[in-house]
Amino acid sequence: MEFGCIRHGTTSLIGFFDVATGRMESPYLNHTRTEEDFVYAMRALVETDPEASWTFVCDGLNTHKSESLVRFVAQQCGLEEDLGCKGKSGILKSLESRVEFLHREDHRIRIVYTPKHCSWMNQIEIWFGIINRRLLKRKSYKSIEELKFVKDGEVFNLDGKQAIAMGGAYSFP
């Protein structure tokens with residue numbers, strides 16, 4: 001007998017983990033994982049404190065080195081230099097030139113990249129591992145709303161807000 005499963009769809013989670021507080025900040029759930037999705041999620045987080053300096057630790061995924069991300073950082077940092085043309089010239093010419101630009105210490109928004117094969121060093125990857133073990137492994141959900149993150153016996157929504165137990169059911173403030 002063959003085992004079958006029903007796929008209810010997939011979703012992508014873009015998350016920003018604040019190492020100092022242990023909180024997931026501005027999680028973004030969507031059906032795609034494009035460079036535009038990553039910039040949208042990063043913009044939402046940066047807008048929570050638009051004048052602050054931000055340092056993001058990312059792995060080597062291409063969406064973390066995209067043309068859209070370079071343009072976003074340049075705009076947020078008030079840089080008016082010519083970025084060039086993707087694949088042809090300037091900062092946008094190659095992944096390497098984009099990484100060098102995004103990593104610059106003099107930018108208010110800076111991205112630091114983990115070495116290849118070292119995602120275990122990135123705290124968000126550890127958090128994603130916890131989600132996988134506690135929420136996803138050998139479980140089935142019919143909607144994103146069904147997902148709840150359990151930590152130390154308490155139920156949390158993906159936005160990190162604590163659920164309140166109400167007569168055996170949970171609600172999210």
Side-chain angles (χ1 to χ4, degrees), residues 10-136 144 147 149 151 156-162 172-173:
T10 60
T11 193
S12 174
L13 168 63
I14 298 173
F16 302 100
F17 186 77
D18 185 337
V19 178
T21 65
R23 289 183 44 91
M24 170 68 81
E25 301 293 339
S26 301
Y28 176 72
L29 292 166
N30 198 27
H31 295 290
T32 60
R33 185 185 70 186
T34 65
E35 65 181 80
E36 291 82 12
D37 293 325
F38 186 70
V39 171
Y40 179 88
M42 186 177 279
R43 180 184 307 277
L45 180 59
V46 168
E47 286 175 356
T48 65
D49 193 353
E51 300 303 315
S53 293
W54 295 87
T55 301
F56 296 91
V57 178
C58 296
D59 61 14
L61 188 65
N62 61 347
T63 57
H64 302 157
K65 305 171 181 179
S66 70
E67 173 185 7
S68 302
L69 187 57
V70 168
R71 292 189 184 284
F72 167 72
V73 169
Q75 183 258 330
Q76 289 292 309
C77 294
L79 305 174
E80 297 180 14
E81 63 188 282
D82 181 26
L83 300 175
C85 182
K86 186 174 179 180
K88 295 183 179 175
S89 65
I91 293 164
L92 296 175
K93 181 177 182 177
S94 66
L95 278 176
E96 293 77 21
S97 59
R98 295 193 295 267
V99 166
E100 184 178 322
F101 173 83
L102 293 167
H103 188 69
R104 285 179 37 187
E105 293 182 32
D106 60 330
H107 291 169
R108 184 176 68 80
I109 299 172
R110 179 177 183 227
I111 299 180
V112 177
Y113 297 94
T114 58
K116 194 173 186 177
H117 305 297
C118 290
S119 61
W120 57 270
M121 293 174 64
N122 192 343
Q123 292 294 305
I124 192 72
E125 296 291 346
I126 295 168
W127 198 87
F128 285 155
I130 292 169
I131 288 177
N132 185 44
R133 287 188 303 278
R134 293 188 179 178
L135 281 179
L136 306 176
I144 292 172
L147 292 173
F149 175 56
K151 179 181 177 191
F156 287 74
N157 199 349
L158 285 176
D159 65 5
K161 293 180 181 169
Q162 186 174 355
F172 294 92

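Computation of the quantities below employed the complete heavy-atom set of this structure, encompassing side-chain atoms and omitting hydrogens, waters and symmetry-equivalent molecules. This structure is a prediction, so every number in the text was calculated from the model and none was measured.
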Heavy-atom pair with the smallest gap, counting every atom of S97 and G90 = OG-O, 3.7 Å

Taken to the nearest 0.5 Å, the spacing of T34 OG1 from I14 CD1 works out to 7.0 Å

Could you pull out all residues at least two apart from D49 that satisfy side-chain contact (heavy atoms from CB on, under 4.5 Å)?
-> A52, W54

With rounding to the nearest 0.5 Å, note down the distance linking CZ in R71 to NZ in K86.
-> 10.0 Å

Begin from the C-alpha positions of L102 and R110 and carry the test side chain to side chain contact (heavy atoms under 4.5 Å, CB included) through to its verdict.
-> CA-CA 6 Å; L102 293 167; R110 179 177 183 227; over 6 Å; no

Got L95 and R98 here, is their nearest side-chain heavy-atom distance under 4.5 Å?
-> yes

Please examine the side chains of Q75 and R43, heavy atoms only from C-beta on, and report whether any two atoms are closer than 4.5 Å.
-> yes

Atom SG in C85, atom CD1 in I91: separation rounded to 0.5 Å?
-> 13.0 Å

Summary of ring pair (Phe, Tyr, Trp, His ring centres under 6.0 Å) pairs that have at least one residue in residues 64-89, sequence neighbours excluded | F38-H64

In Å, rounded to the nearest 0.5 Å, how long is the span from OG1 of T48 to CD of E25?
-> 7.0 Å

Are I109 and F56 close enough that some pair of their side-chain heavy atoms sits under 4.5 Å apart?
-> yes

Do the non-hydrogen side-chain atoms of D59 and Y113 ever get within less than 4.5 Å of each other?
-> no

Tell me, yes or no, whether the heavy-atom count around E105 atom CD, taken from other residues, nucleotides or ligands under 6.0 Å, exceeds 12.
-> no

From F101 atom CZ to E81 atom CD, the distance as rounded to the nearest 0.5 Å | 5.5 Å

Near E100 CD, under 6.0 Å, is it more than 12 heavy atoms from other residues, nucleotides or ligands?
-> no

Begin with the C-alpha distance, continue with both residues' side-chain angles, and end with the deciding distance and a verdict on side chain to side chain contact (heavy atoms under 4.5 Å, CB included) for R108 and E51.
-> CA-CA 8 Å; R108 184 176 68 80; E51 300 303 315; 5.6 Å; no

Side chains of V73 and H107: does their closest heavy-atom pair fall under 4.5 Å?
-> yes

Is it the case that more than 12 heavy atoms not belonging to Y28 sit under 6.0 Å from its OH atom?
-> yes

Please determine, by modelled atom types, if E35 and S68 share a side-chain donor-acceptor pair under 3.5 angstrom.
-> yes

Output the distance between atom CZ (R104) and atom SG (C77), rounded to the nearest 0.5 Å.
-> 9.0 Å

Hey, are T63 and S66 close enough side-chain-wise for a donor-acceptor pair under 3.5 Å?
-> no

